[in-house]
**Q** 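Supplied in structure tokens, the structure appears directly below.
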Amino acid sequence: MADKDLKVGIGDMKFTRGSGVVITYALGSCIGITFYDPFLKLGALLHIMLPNRADPNDPKVFKYADSGIHETVRKLSAFGMVKSRTVVKIAGGAKMFDVKGNSDFGNIGQRNAAMVKKILMEERLRISAEDTGGTYARTMLLDVATGDVAVRTVGKPEKHL
Amino acid sequence: MRLKSYGDMNLLELDVMKEISSIGTSHAATSLSKLLQKEVRITIPEVNILSYDETVDKIGHIEELVAATLVQMSNEVNGLMLFIFKMDLANAVLGKLLSRHYTSFEEMDEMDYSALEEIGNIIICSYVNAFTQLVGVEIDLSVPSSTINMLGGILTVPIAEYGYETDKLMYINAEFIMDGEKLSDGLLMLPDIESLNRILEKLGIS
């Protein structure tokens with residue numbers, strides 16, 4: 001079972017159709033975004049690390065919220081995804097360390113979340129569920145057969161978004 | 001030549017970093033030894049410039065629960081210092097200090113967390129002190145901040161902080177030896193690229 005899971009690394013995106021699980025581990029300040037078209041059973045998981053791609057020639061499109069979401073939508077649309085029926089869920093964006101006297105530090109999670117929401121709105125995709133913020137890392141899974149999205153954290157039961 | 005990324009360091013520059021790290025980590029071992037009233041030895045460190053995935057694999061498992069202490073550097077060198085405790089080192093330290101032993105970080109209480117944070121801070125400070133003396137730079141350190149979390153999540157902090165500059169981390173990998181047992185240490189020193197250039201300049205090798 002486990003070896004069939006599609007693992008998404010940091011700053012990467014994977015998608016599949018019909019069956020299988022797409023998983024990304026230990027989202028800290030990064031954000032995991034799942035896209036799921038229930039009619040086609042087409043699902044993608046994108047793991048972004050930073051809000052915007054400052055250098056337009058940077059080839060790592062999935063590292064950034066803006067270029068990552070645009071590219072994912074472009075790819076999935078080529079496979080027939082229809083935006084109006086696509087279910088989008090997000091998780092992550094935690095603040096892992098609280099540095100006293102420097103409240104700006106580690107706010108990258110919050111900035112990521114804000115950017116992801118902005119870009120999804122521009123793409124006219126609605127977020128149907130989210131689990132963001134907090135101070136803990138999350139593992140996110142998308143079951144492509146059912147569209148179920150689960151979030152695992154340490155010391156808490158698995159949460160279904 | 002000015003470096004644009006950690007990965008641009010040549011063998012000579014890496015060797016120098018390794019030499020400095022070796023002195024830094026031995027200072028850290030001495031402080032730990034004083035604190036625990038126990039002989040602590042340390043192996044010669046390796047300095048690795050690794051990607052996020054490689055660093056995670058080198059230290060442990062991505063979802064593994066670890067404790068980490070983070071200190072920010074400012075002044076002539078800006079950046080982060082991160083010390084990661086795995087269960088074996090945490091137990092060795094807490095066993096000696098508080099006579100406690102655990103199978104998981106989840107069983108620990110505030111007292112244990114605070115002890116680990118303090119030890120992480122001491123290790124980082126003695127490392128940085130040795131470093132500043134050797135290189136001849138002024139470094140100010142922030143108060144420590146810590147967390148118990150998944151290893152992968154903790155390592156996203158430095159990688160995201162410098163994500164616009166580099167995709168690499170500098171992992172100083174040495175082993176503490178206490179009572180004949182090898183304990184993994186996870187010290188990451190992450191100067192920003194400008195500071196890294198300044199360090200190499202000060203050392204006269206850039």
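What you see below is based on every heavy atom in this structure, not just the backbone, and it leaves out hydrogens, waters and symmetry mates. Throughout, protein chains are lettered first and strands after them, A, B, ... in sequence-line order, and every chain is numbered starting at 1.
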**Q** Quick one: which residues of residues 84-92 of chain A reach chain B at under 4.5 angstrom, heavy atoms only?
**A**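 At a heavy-atom separation under 4.5 Å, chain B is reached by no residue of residues 84-92 of chain A.
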**Q** Please classify the contact between B/Y52 and chain A as side chain, backbone, both or neither, with a heavy-atom cut-off of under 4.5 Å.
**A** side chain
**Q** For the pair B/D179 (side chain) and B/E181 (backbone), establish whether a donor and an acceptor sit closer than 3.5 Å, ignoring hydrogens and angles.
**A** no
**Q** If you measure only the distance, is there a donor-acceptor pair under 3.5 Å linking the side chains of B/T103 and B/E107?
**A** yes
**Q** Measuring heavy-atom distances to chain A, does B/I159 have an atom under 4.5 Å in its side chain, in its backbone, in both, or in neither?
**A**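 Contact with chain A is through both the backbone and side chain of B/I159.
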**Q** Would you please say whether a donor-acceptor pair under 3.5 Å links the side chains of B/N129 and B/S126?
**A**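 Side chains of B/N129 and B/S126: no pair found under 3.5 Å.
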**Q** Is B/S104 close to chain A through its backbone or its side chain, or both, or neither, when contacts mean heavy atoms under 4.5 Å?
**A**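 Neither; nothing under 4.5 Å.
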**Q** I'd like to know if A/R74 and A/E71 make a salt bridge, using a cut-off of under 4.0 Å between side-chain N and carboxylate O.
**A**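 Here A/R74 pairs with A/E71 in a salt bridge, since their nearest N and O are under 4.0 Å apart.
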**Q** State whether a side-chain donor-acceptor pair under 3.5 Å links A/D55 with B/Y164.
**A**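 Absent: no donor and acceptor within the cut-off.
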**Q** If I take atom CD1 from residue A/I31 and atom CZ from residue A/R111, how far apart are they, to the nearest 0.5 angstrom?
**A** 11.5 Å
**Q** Can you label the angle between the B/F85 ring and the B/F83 ring as parallel, tilted or perpendicular, going by 30° and 60°?
**A**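 Rings of B/F85 and B/F83: perpendicular, over 60°.
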**Q** Any salt bridge linking B/D167 with A/K63? Criterion: basic side-chain nitrogen under 4.0 Å from a carboxylate oxygen.
**A** yes
**Q** Looking at B/K58 and B/D53, does any basic side-chain N land under 4.0 Å from a carboxylate oxygen?
**A**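 So B/K58 does not pair with B/D53 through a salt bridge.
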**Q** Is any NZ, NE, NH1 or NH2 atom of the basic residue among A/E122 and A/K118 found under 4.0 Å from an Asp or Glu carboxylate oxygen of the other?
**A** yes
**Q** With a 4.5 angstrom heavy-atom cut-off, is it the side chain or the backbone of B/L65 that approaches chain A, or both, or neither?
**A** side chain
**Q** For the candidates B/L70, B/T147, B/I62, which exhibits the highest count of non-hydrogen atom pairs separated by less than 4.5 Å from chain A?
**A**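 Looking at each option in turn, the highest pair count goes to B/L70.
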**Q** Just checking heavy atoms, which of residues 123-148 of chain A are less than 4.5 Å from chain B?
**A** A/T135, A/Y136, A/A137, A/R138, A/T139
**Q** Name the residue from B/T69, B/L97, B/L94, B/N121 that meets the side-chain contact (heavy atoms from CB on, under 4.5 Å) definition with B/L116.
**A**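 Only one of B/T69, B/L97, B/L94, B/N121 forms a side-chain contact (heavy atoms from CB on, under 4.5 Å) with B/L116, namely B/L94.
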**Q** Return the SG to CG distance between A/C30 and A/N112, rounded to the nearest 0.5 Å.
**A** 7.0 Å
**Q** I'd like to know which of B/S142, B/G153, B/S51 tops the heavy-atom pair count under 4.5 Å against chain A.
**A** B/G153
